[in-house]
Each structure stands twice: as C-alpha cells, then as structure tokens.
Amino acid sequence: MSRRYSVAVAGATGAVGAEFLQLLTERSGFPLGELRLLASARSAGKTIEFKGESLPVRELTPDSFAGVDIAFFSAGGGRSREFAGDAVRAGAVVIDNSSAYRMDPAVPLVVPEVNGEDAVRHTGILANPNCSTILLLMALAPLHRLSPVRRVVVSTYQAASGAGASAMRELEEQSRAYLAGEPVVKEVFPHQVAFNLFSHNTAVDETGYNEEERKLVYETRKILHLPDLAVTATCIRVPILRAHSESVNIEFATERPTVEAARQALAAFPGVRVTDDRAANQFPMPSEASGKDDVFVGRIREDGSHPRALELFLSGDQIRKGAALNGFQIAEYLIAHDAVKGAMRP
Ligand code: HSE
C-alpha cells in the first residue's frame, strides 16, 4: 500500500483551519492517514464533522504531535512560536500560516507555483506567505519571468476574512444593524467595516507604513529572491467577506512586455484565470473569486504615464489561495518531491 501521511491541524476551529479540512475533503487523492484536530483549551471537547465522521478537537499542547507527519498551523503567531518546535522535534514538518517564521532565513517562504523548489530545502518548518503577498506573487511571477521586474506599486482592498471568522461575523452583524438603523457595534476591528473602508488594522511604524504593507515588501523580495526589488504598498480593509483585491503597477527593468504577451503569460500560469474583457467591462471581482482556487487577473494595460510599466487588477479568495490552499499545495509539493522529512534536516 502506498505511503499515507498523518496530518495535524492546529487552529482547526478557525476560518483557515476549516478551509484546510474542506480541502482534505475535496482533494480525495491526498494520501491522508490519521487526522488530528487541535485548538485552544477553549475549543477542546468540540467535535468537527469530517467525511461523515465526528472528530474530536483536542487541546494543542507540546505532546500533540507524536506520530504526525505534517502539521498545519493556523492558530496565530504566538501559538506557532510556542508549539512549532515541539512538532518538529516529534518528527513532523510544520507548514505555518502565521507570520512567526516567514522572514527567518532558514525557513522557506513558499508559493508552490512560484518558488516550489525552495520548499524541499526545509529543515522542519515552512512558512505560508501573507495572503496579500501570495495573491500578488501569482500575477507578478509570470510577468517577471517574461521580463525582469524593477518596481511594484500595489494598493490592496482586503476582505474581513483576513482578520478571521469573528471579523467576518462582525461585517455581517454591522451590515444588518446599519440597514436596520441600529447602532453599529465594533469588537474585532477598530473602525466600522460595514459601508466603510479604512487603512489596514495593523500597527503603523515610524516610516508611516503599517505591518501589512511591510509584509508585502519583504515577503515579495524573499519569494522572488530579489532583495533589492523596489516595492511600495497601501493596504486597505474593505467591506467584503472573503476575497482580497489588489491594484498593481509593475515597472520592468529593461523592456515592457506587450499587453498580449502579458495576458498569455498570465493565462498560462497555473492558478491564474485571466478575466479581461474590455468590451463587456468584465474584470476580476471579489464576488466571483470567492470560494475559487484561481486568482483572477484583469485590467491588463500599458501604464500611460510610464514607458516600461503595466497596470493590472486582481481578486483572489483570501482563505483559499491566500491561506489554506497555498498551505495545502505546499504539503502536496513536499509529498510529490518526497521531501516531507526534509533532506537538510539536522
Ligand atoms: N494579513 C491579512 C489580512 C491576512 O489582514 O487581511 C493574511 O492571512
């Protein structure tokens, strides 16, 4: 019988953990052995339905990982820092969806379609990039392969899901209250999210950039192995449930690809769907991207203000390709390349 892999999901009751379980259900070819659901003490004792079975949620502890091959962490950076080492010592490979290890030089930061080859060099932990970075890279990488990119200017329109399941509920509840003329209650976000938008809810440092914008800059450079790539970002939270959108201006170093060449390169890239119908004014929309695996890319056009720049717009499901699906694909990549154990592991 072919090899099966025992999988633990730390953060199984969160939005991303739930999507990871959904992917395990959908992708029936995944060679799943035991499935262990882990969460905080608060959620321990609950059960989650998986393929017709009621699986118990257990408390995440240092002893949770005996016999686990692949541990997917999406329980926040604090939990990753506290327990990822235990998982690695127990022999598991950790695929971490938090920001805890992303910029650690020893930890591969991977979008499988873009830099899958980095994954096989792991020493126990791999990091899933920030959602807005993953979506940006899906459009940037095929164009960078066509002609080297020198500078990227990105503005994001980020859904509530990026702040978790409770933020999605807050958007729904605020929308209901607003339309009923009732007071809007703010618990998760610092500002009203329904019928409003605001600068991303992460700390702004002395440079004036917030943490989400800094992630886009540094993670993009790491994934593309371009430490000097010029990237600037403005990240905005919008009243959308689960798909992020981004407006992207890309300056090429020497030669701007034609719009047609860019469109073809994007259409040929796995995981990208080009939606670019000028006559019908049909372009990427979060309502269409929600629940889909593909990142939708369109509005592909020459930047009329710069001879070497292109403009585009994209939408992608934040919980799927922006988080759970990308992590799942990292696991699939490791299995396909016989690298779950990690050849470089001490
Ligand atoms: N940092 C993102 C957001 C979530 O706040 O939308 C990325 O997983």
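Just so you know, ligand 1 is whichever comes first in the structure, and atom 1 is the first atom listed for that ligand. Since the structure is predicted, the reported quantities are computational estimates derived from the model, not experimental observations.
- Atom 1 (N) of ligand 1 has its closest protein heavy atom at Glu212 OE1, 2.7 Å.
- Ranking protein heavy atoms by distance to atom 2 (C) of ligand 1, first place goes to Cys131 SG, 3.1 Å.
- Residue Asn130 has at least one heavy-atom neighbour below 4.0 Å for each of these atoms of ligand 1: 1 (N), 2 (C), 4 (C), 7 (C), 8 (O).
- Checked for salt-bridge contact, Arg320 and Glu26 meet the test: a charged N lies under 4.0 Å from a carboxylate O.
- No side-chain N or O of Glu219 forms a donor-acceptor pair with one of Asn130 less than 3.5 Å apart.
- A cation-pi contact, defined as under 6.0 Å to the ring centre and within 45° of the axis, links Arg3 to Tyr5.
- Side-chain contact check for Asn128 and Asp96: no donor-acceptor pair (N or O, by modelled atom type) lies under 3.5 Å.
- With Gln318, Lys215, Gln158, Glu211 as candidates, the residue nearest to atom 3 (C) of ligand 1 on a non-hydrogen basis is Gln158.
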